[in-house]
Amino acid sequence: MKLTFLGTCAGTEPMPDRLHTSLAIEHDDQIFFVDAGETCSRTAHLMGIDLLSVRAIVITHPHIDHVGGLVNLLWTIRKLNTRHPNHPLVDKTIEIYLPDPVLQTGIGCFLGESNSFGHGPNFTMKTYQDGLIYNQKRIRIYAQHNKHLGDISDGTNWHSYSLRLQTAKRTIVISGDVKHISELDPLIRDCDLLLMETGHHKVEDICHHLAKQQGRFGCLAFYHNGRAILADQAGELAKARHILGKRVLISKDKMTLNLDDAINMTTHCQTARDKR
Ligand SMILES: [Zn+2]
C-alpha cells in the first residue's frame, strides 16, 4: 500500500508549497482518494499517479479545504479517459462517498455540465453513515462520525467523519477534522499509522493525549497542517518527538509512504523523515 500526500495544508489562504488536504492511497493497482482539496488531480497527474485507476473517493466533510478540488478531479478523470485510445473506464463506475446529501446536488450540476465530452466513467454518489462503508478489492473503510461540525438533531445525518482503512497487512486511521482528539480513541486500536490533523489542535495536546494510548497505534503523521507547523515545522516536530519519540513525522505535499516495504512502521517513518 502506498500513500501519497497530495495536499497537507489546513483551510488557510494560499500557502507556498502546501495545498489543501487530499490523500491518494494505492493498493492492488486500485487508487482511493480521501478528500479532494484544491488541485489534487493536477498534483496527482503530474506526479505520475494513474487517475484512471481511481475506484473510490471518500470526502470526510463538506468544507472547501477537503472538497474544493473534487469536481476538477472528476472532470480530469473523464478527460483522461476520453483522450485514452481505448477509453478503459467507459463501462466502469467510480464511487464517491459523501457525508452530506446536499453535496450530491451541487456535484451533480457540475457533472451534467461536463457530460458534453462523453466517454464515462459513471460516477455514483453515495451518502454514508457510521460503520463499514466500503468493502471491495481487499480493502475495507470504516467511518465514525465526529463533532467537527457540531451536534445534530434527531433524525439527521452527521456531516463530518473520521476513517479507518484496513487491508490484509495494514491499518490506517485518518482523522479528518475533529472537535476533540479523544473522538479518535475507538478507531486507533492497533492501527499502523494515524494521520492526525493539526488545523484545530496543538501538537503538544495531540501528543500528550496519544501518549496515554501507548501501544494502541504505530506511527503518527501530522497532516491538514495548521499555522503552528506552517510557521515552524522543525520546532513543532521537536515538541512532538519529545513526547512520543521518533514515531512522529510531519507530512508535506508530494511525500509518499510505501507502507508495504517498511520493515516496521517506526523505521519507515524515520526513513520518510530523512528523505525530506
Ligand atoms: Zn479542514
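Order of listing sets the numbers, starting from 1, for every ligand and every atom in it. Predicted model only: the values in this text are computed from it and were never measured.
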In H224, the N/O/S atom nearest the Zn ion (ligand 1) carries the name NE2
If I take every N, O or S atom of D65, is at least one of them less than 2.8 Å from the Zn ion (ligand 1)?
yes
How far apart are the closest heavy atoms of L52 and P88, and which atoms are they?
CD1-CG, 3.9 Å
For the pair K126 and E95, find out whether any cationic side-chain nitrogen is under 4.0 Å from an anionic carboxylate oxygen.
yes
State yes or no: are the ring centers of H201 and H209 separated by less than 6.0 Å?
no
Enter the distance from I172:CD1 to T167:OG1 here, rounded to the nearest 0.5 Å.
7.5 Å
The Zn ion (ligand 1) - closest N/O/S atom in H66
NE2
Find, among atoms of D177 that are N, O or S, the one nearest to the Zn ion (ligand 1), and state its name.
OD2
